[in-house]
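Encoded as structure tokens, the structure appears first; notes follow it.
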Protein chains: 2
Amino acid sequence: MDIKQLQYFIAVAGQMNFSKAAEKLHISQPSLSNAIKKLEQEIGSPLLERNTRNLQLTEAGELLYERAKVILKNMEVLKIEMDEVIVRGTSEITIGIMESIKHWLPKVITEYKKEYPEMMIHLVDILGSKRVEKSLKSYKTHLIITNQIMDDEDLEVKCLYEERLVAVLPLNHPLAEKERLTIADLSEEPFIISTEGFQTRQDILDAFARADKNINIQFEIERFETAVSLVRENLGITILPENYLKGPTANTIVQKEIDCPNLRRNVYVVYLKNRHLPLAIRQLLTDIMAVGKTL
Amino acid sequence: MDIKQLQYFIAVAGQMNFSKAAEKLHISQPSLSNAIKKLEQEIGSPLLERNTRNLQLTEAGELLYERAKVILKNMEVLKIEMDEVIVRGTSEITIGIMESIKHWLPKVITEYKKEYPEMMIHLVDILGSKRVEKSLKSYKTHLIITNQIMDDEDLEVKCLYEERLVAVLPLNHPLAEKERLTIADLSEEPFIISTEGFQTRQDILDAFARADKNINIQFEIERFETAVSLVRENLGITILPENYLKGPTANTIVQKEIDCPNLRRNVYVVYLKNRHLPLAIRQLLTDIMAVGKTL
DNA sequence: TTAATCTATAGCTTTAAACTATAAATGGGA
DNA sequence: TCCCATTTATAGTTTAAAGCTATAGATTAA
């Protein structure tokens with residue numbers, strides 16, 4: 001029983017048709033028939049009930065199909081890992097990011113590039129917790145930086161830093177004059193919030209619920225940048241992570257601390273626990289993890 | 001990258017010697033050298049640092065070694081499962097048991113044999129919780145019947161029945177006359193108990209601890225039969241599951257209920273969650289699980 | 001330097017996996 | 001009912017690769 005035989009069998013069981021499976025495998029139909037026949041002899045039992053019209057898996061076939069899929073998946077992952085572990089002239093790394101880390105990630109990458117100039121870095125936007133999991137488990141991204149709270153035993157989650165969420169108001173907004181701002185103050189204002197699936201949306205809704213106040217949602221957005229534009233146009237107010245507001249944006253709106261100790265979020269770096277990360281990527285991970293201290 | 005190549009590499013990495021690995025694999029040394037060379041070409045990186053005196057794994061070699069071991073293990077398990085799923089004239093099943101189920105297991109097997117007369121049944125004694133886990137995970141036993149409390153996510157644990165633990169006294173023992181028996185009554189008596197690692201030992205010690213009473217251990221035994229013999233010879237008293245005492249033993253000692261609601265134990269059937277059990281074994285499992293209702 | 005030990009190379013043989021051509025089986029439609 | 005379309009199996013041949021033996025080359029210990 002070798003890998004090729006399992007691949008052939010998976011193709012037949014997947015297509016439920018020898019001829020089409022053979023085509024997909026780029027071999028002739030008789031070769032495939034022969035290969036399956038040999039596999040059945042080796043196992044000592046038929047795997048398929050053949051009929052010129054219908055194919056059907058036997059009990060043994062069903063079992064082999066389930067198990068072989070897992071083994072082939074492992075082989076695929078092995079190939080990916082072996083490719084990555086090889087020290088080549090140039091190598092690649094893919095990081096899933098969210099927009100609100102723009103204030104520190106470029107600096108970390110600049111430093112990293114001095115040590116590893118040959119590394120090609122892909123930055124991919126990842127939205128929502130399900131995509132975090134999927135992106136990592138399909139081996140598409142090496143690391144993901146997110147504020148999504150992940151609860152999956154296959155994932156390693158490291159907290160980078162904690163930051164406050166602050167109110168964002170248009171210039172000249174009445175609330176900007178107030179000494180102290182509470183959830184109650186924001187309750188009746190037209191509110192701009194992230195769409196379903198974003199952790200920040202949940203954090204904000206939780207804070208309003210705990211304060212037992214209503215929230216008057218008028219806009220749902222996917223990017224903080226959109227939220228800031230809407231605020232600037234006097235269409236509503238919002239709550240954003242304080243670090244996101246650093247930089248040129250700062251003078252175009254008013255940001256104000258809110259009297260609410262729970263209005264905070266954590267930023268994590270997440271990766272697959274069992275994935276082998278080559279040295280160059282482990283180094284970037286270390287650099288990223290150090291960012292919490294310098295912030 | 002196929003299974004054979006991985007096997008060859010594992011052999012070399014395990015022996016750290018091409019010639020000895022070749023011998024173990026029953027192929028010539030040049031064939032093995034060639035095979036590893038081809039594997040390295042395919043992967044695109046050396047797996048071993050060669051020296052006529054010392055071999056050493058490269059980083060890629062280390063990674064492949066770890067991953068390949070898992071894949072080969074999966075292949076082995078697959079072969080076992082495929083062998084078992086095939087309906088042959090005669091087939092085998094191995095059950096791990098403890099002695100204290102002799103009062104019902106033979107009956108279940110008698111009934112089962114009427115339906116599956118061709119099944120060969122191995123009964124193996126299993127002592128202690130670590131051995132339960134090991135025996136299942138090495139695919140040596142299909143099912144284990146035990147009172148050990150197992151906490152392992154790979155294992156499926158089904159409770160068959162609950163039974164009382166009762167005091168076992170020699171004939172004419174003064175305590176046999178008492179109307180009601182408590183832990184306190186047993187506290188100073190010379191006590192016979194199972195050795196470390198048995199659930200029943202823990203259950204008894206827990207009961208004494210909860211009652212805040214001393215236990216005067218004089219004998220440690222591995223089999224309940226031994227305990228009963230010692231009691232019969234007036235060397236001490238003990239506590240055993242009530243069902244164990246059914247049958248001819250019953251008249252040679254005195255058994256007495258103890259005023260202690262926690263002095264009970266559960267009997268479980270345990271098997272590997274992800275193992276494919278062929279129909280004939282699933283049927284026996286069903287028969288065993290039905291025993292709790294008839295008891 | 002030499003002997004011992006180990007891996008690599010060269011050239012040959014054998015095995016098995018692929019191909020093409022064709023036969024056999026089956027079910028649907030004329 | 002019979003024939004055709006579809007699909008899998010068989011036969012025979014070619015090609016590729018995996019194995020073998022013999023031997024060379026490299027390294028260390030004596």
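In the text below, chain A, chain B and the rest are named by the order of the sequence lines, each starting its count at 1.
In this structure, B:Asn34 reaches neither bases nor backbone, as no heavy-atom distance under 4.0 Å exists between it and the strands shown. B:Leu55 comes within contact range of the sugar-phosphate backbone alone, with a heavy-atom separation under 4.0 Å but no base atom that close.
With a 6.0 Å radius and a threshold of 12 heavy atoms from other residues, nucleotides or ligands, A:Arg131 has its CZ atom at or below the threshold.
Contact annotation: B:Ser28 side-chain N/O to D:dT21 OP1/OP2 distance is not under 4.0 Å. Using a 4.0 Å cut-off, some side-chain N or O of B:Ser33 falls inside it from OP1 or OP2 of C:dA8. Using a 4.0 Å cut-off, no side-chain N or O of B:Lys37 falls inside it from OP1 or OP2 of C:dT7. Contact annotation: B:Asn17 does not reach the phosphate of C:dT5 (side-chain N/O to OP1 or OP2, under 4.0 Å). Neither OP1 nor OP2 of D:dA17 sits under 4.0 Å from any side-chain N or O of B:Lys38. Using a 4.0 Å cut-off, some side-chain N or O of A:Arg50 falls inside it from OP1 or OP2 of D:dA9.
Side-chain atoms of A:Lys113 come within 3.5 Å of backbone N or O of A:Met119 as a donor-acceptor pair.
Of the candidate nucleotides C:dA8, D:dT8, D:dC20, D:dC20 has the atom nearest to the side chain of B:Ser31. When the nucleotides D:dG19, C:dC19, C:dT7 are ranked by their closest atom to the side chain of B:Lys4, D:dG19 comes out on top. Nearest to the side-chain atoms of B:Pro30 among the listed nucleotides C:dA18, D:dT8, C:dA8 stands C:dA8.
A salt bridge is absent between A:Lys273 and A:Glu153: the closest approach of a Lys/Arg side-chain nitrogen to an acidic carboxylate oxygen does not fall below 4.0 angstrom.
The interatomic distance linking A:Asp2 (CG) with D:dA17 (C1') rounds to 13 Å, in whole Å. At whole-Å resolution of the value, CD1 in B:Ile36 and P in D:dA18 are 13 Å apart. Between the CG atom of A:Leu32 and the C1' atom of D:dT8 there is a distance of 10 Å, rounded to whole Å. Atom CD of A:Gln29 is separated from atom C1' of D:dA9 by 8 Å (rounded to the nearest Å). Atoms CD (A:Gln41) and P (D:dA9) sit 12 Å apart, rounded to a whole Å. In this structure, B:Glu23 places its CD atom 11 Å from P of C:dC6, rounding to the nearest Å. When the P atom of C:dT7 is taken as reference, atom CD of B:Gln15 falls 11 Å away, rounded to whole Å. Taking atom OH of A:Tyr8 as the reference point, atom C1' of C:dA16 lies 12 Å away to the nearest angstrom.
With sequence neighbours excluded, no residue satisfies side chain to side chain donor-acceptor pair (under 3.5 Å) with B:Lys73.
Residue B:Leu72 holds its CG atom at 12.0 Å from CG of B:Leu78, rounded to the nearest 0.5 Å.
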